[in-house]
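Heads up, the thing below is written out as structure tokens.
Below, chain A is the first sequence line, B the second, and so on; all start at residue 1.
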Number of protein chains: 2
Amino acid sequence: METRELRYFIAIAEELHFGRAAQRLGITQPPLSRAISQLERRLGVTLLERSSRSVTLTEAGAVLLREGRAALDAVDAADRRTRRAALAGTGQADLVLVTKAGASGELLSKLLDAYAAEPGAATVDVILCGIAEQERLLRDGRADVALLHRPYDSTVGFDTEELCTEGQVALLPSGHFLTGRAKLRMADVAALPGLPMPRWPGRDGTYPDGPGPQVRDHTQLYQLIALGRTCTVLPESCRVSLRPDITAVPVLDAPPVTTVIAWPPHSRSRALAGLVRAATRL
Amino acid sequence: METRELRYFIAIAEELHFGRAAQRLGITQPPLSRAISQLERRLGVTLLERSSRSVTLTEAGAVLLREGRAALDAVDAADRRTRRAALAGTGQADLVLVTKAGASGELLSKLLDAYAAEPGAATVDVILCGIAEQERLLRDGRADVALLHRPYDSTVGFDTEELCTEGQVALLPSGHFLTGRAKLRMADVAALPGLPMPRWPGRDGTYPDGPGPQVRDHTQLYQLIALGRTCTVLPESCRVSLRPDITAVPVLDAPPVTTVIAWPPHSRSRALAGLVRAATRL
DNA sequence: CCGGATCGATGCCGCTGAGGTATCGCTGCC
DNA sequence: GGCAGCGATACCTCAGCGGCATCGATCCGG
């Protein structure tokens with residue numbers, strides 16, 4: 001199976017329309033029709049049900065869509081990582097690290113400092129993004145390593161080392177009556193009248209239903225907390241960069257958050273191994 | 001990058017010889033030379049250092065070898081799983097499960113029974129093999145799901161659910177003086193004079209150095225234990241199928257072994273989801 | 001120091017197959 | 001029933017893949 005065929009099939013499987021898929025691929029419709037039926041012939045499998053008015057995926061087609069995406073990501077990763085490997089020492093970044101904006105800022109800077117101090121350390125680029133993108137960046141080779149936070153982030157499919165574990169704190173508007181308490185329980189925070197927990201977008205970009213305000217990043221979140229519209233529970237390391245109009249109170253029974261360094265299991269380059277070593281020594 | 005180019009490059013990177021690589025690929029040498037230099041031109045990267053008497057990999061070439069193998073495995077997996085998906089309901093196996101021979105026999109049969117009793121259960125094939133092959137089979141799509149044993153097996157790169165945890169027992173020849181004890185410690189077993197621990201092959205197929213006998217499977221192992229040539233520590237579930245000339249004694253401070261069900265993270269088909277559900281309900 | 005052997009690169013040719021244009025056949029809709 | 005939308009097919013062109021012959025560089029034995 002050639003990657004061209006995979007790309008074609010995935011385009012059709014996503015569009016469910018030969019014409020539009022062809023347009024997206026920058027070719028015309030007939031070669032696309034032929035490529036797909038040839039792929040079906042070679043696999044000995046019907047991938048699409050065509051009814052001259054609509055195209056639908058068969059069971060096997062759905063499998064190939066899932067598996068093919070993963071395979072194409074792997075091929076793209078090979079391409080990108082090879083290109084980047086060739087630039088080593090030219091001032092380009094040898095490693096690309098992704099993490100969530102607003103999380104583990106202190107740990108990250110300590111890690112980068114510690115690694116940079118090592119002899120022969122590679123240069124490290126940092127990308128800040130949402131969790132949904134992190135996985136994708138690691139899988140398709142635009143990034144090499146990530147800082148993730150269990151149990152919030154899934155570490156499925158990656159090799160990991162634990163870096164540190166911390167408790168969680170509730171963030172409340174300063175002056176809120178609960179800020180007088182030295183410690184809280186989840187039940188105290190969950191049912192606060194007038195301060196519903198915020199809703200974060202899922203990995204498909206849509207928001208779950210519920211009473212809380214929609215938030216996309218920590219700036220929005222902090223603003224809404226300061227305004228007295230929401231409250232939240234975050235790892236206690238967020239305290240070092242907290243605005244004065246927000247107060248943090250430890251939540252005893254919140255699950256502890258473990259920061260881990262994660263990378264695709266097969267890609268253990270020398271530079272990556274050095275970074276991981278520096279991280280575990282912190 | 002096309003899979004053909006990847007296959008060509010990997011062949012050369014492994015052989016480090018254009019002629020032999022071409023032979024292995026079933027083509028002649030000139031097209032291979034051209035394909036590689038074209039790949040290098042397209043990537044903008046030198047992959048091989050040719051000195052007209054020898055071929056060596058560059059840094060970037062080594063990266064592409066690693067990443068390319070993973071990518072090709074992913075493409076092969078897409079191919080195989082698509083083919084198998086199309087055979088659903090034709091009496092072919094819908095799921096292929098791998099595990100080590102001689103481990104968790106009881107758990108496995110309970111799992112298969114429980115799943116088979118579910119409405120709409122798919123047919124499940126079982127492959128027994130060594131740990132080195134398990135990973136590969138899962139990665140290139142010849143298998144869909146595995147039973148692994150932490151901490152012995154690495155679960156890196158896979159999604160897992162824990163099934164059960166058990167202690168470990170020492171296996172000694174019946175009549176050995178230690179079999180009179182109700183419990184042991186690792187130190188008791190490690191330093192037994194005349195009963196050195198056996199040596200298992202690593203994932204490259206070679207045996208580590210040491211005094212113990214080389215073993216390749218449990219039959220060999222049991223034979224050597226019964227002969228009084230070695231002893232070992234295994235999960236206690238091995239007791240149900242133990243020969244009478246071998247005696248098991250609990251080892252209190254041996255690390256507990258957790259049996260997990262593992263699968264590639266992106267491939268969560270309905271059948272697989274059903275099997276995992278049945279497993280967690282055991 | 002030279003002739004032969006080895007090995008990768010290059011020039012040239014034939015043919016497969018990928019992509020384009022035009023058109024057909026089917027289907028749902030007004 | 002006419003028309004529009006959509007995928008399949010027929011036919012053509014040409015890029016590019018693979019094979020053959022050969023070149024140029026390097027190593028080696030004598």
Length of the [atom1]-[atom2] vector between [X] and [N], whole Å:
{"X": "B:Q23", "N": "C:dC7", "atom1": "CD", "atom2": "P", "answer": "11 Å"}
{"X": "A:I12", "N": "D:dA8", "atom1": "CD1", "atom2": "P", "answer": "8 Å"}
{"X": "A:I36", "N": "D:dT9", "atom1": "CD1", "atom2": "C1'", "answer": "16 Å"}
{"X": "B:E49", "N": "C:dC7", "atom1": "CD", "atom2": "P", "answer": "19 Å"}
{"X": "B:E15", "N": "C:dC7", "atom1": "CD", "atom2": "C1'", "answer": "15 Å"}
{"X": "A:F18", "N": "C:dC26", "atom1": "CZ", "atom2": "P", "answer": "18 Å"}
{"X": "B:R20", "N": "C:dT6", "atom1": "CZ", "atom2": "P", "answer": "13 Å"}
{"X": "B:L25", "N": "D:dG18", "atom1": "CG", "atom2": "C1'", "answer": "13 Å"}

Sugar-phosphate or base contact per nucleotide [nucleotides 19-25 of chain C; S, B, -; heavy atom under 4.0 Å]: BBBB---
Run the salt-bridge test on A:K100 and A:D153 with the 4.0 Å N-O cut-off and return the result as yes or no. yes
Presence of salt bridge, A:D140 and A:R80, under 4.0 angstrom: yes
Quick one: on DNA chain D, does A:S37 or B:R42 contact a more 5' nucleotide (nearest heavy atom)? A:S37
Do B:E5 and A:T3 come within less than 4.5 Å of each other through their side chains, counting heavy atoms only? no
Going by heavy atoms in the side chains, are B:R277 and B:E161 under 4.5 Å from each other? no
Does a side-chain N or O from A:R50 land closer than 4.0 Å to OP1 or OP2 of D:dA8, or not? yes
For C:dA18 and A:Q38 - does any side-chain N or O of the residue sit under 4.0 Å from the phosphate oxygens OP1/OP2? yes
Ring of B:Y8, cation from B:R4 - is the NZ or CZ under 6.0 Å from the centre and inside 45° of the axis? yes
Any cation-pi pair here, A:R20 with A:F18, using under 6.0 Å and within 45°? no
Quick check: does any side chain N or O of B:D159 sit under 3.5 Å from a backbone N or O of B:W263, one acting as donor and the other as acceptor? no
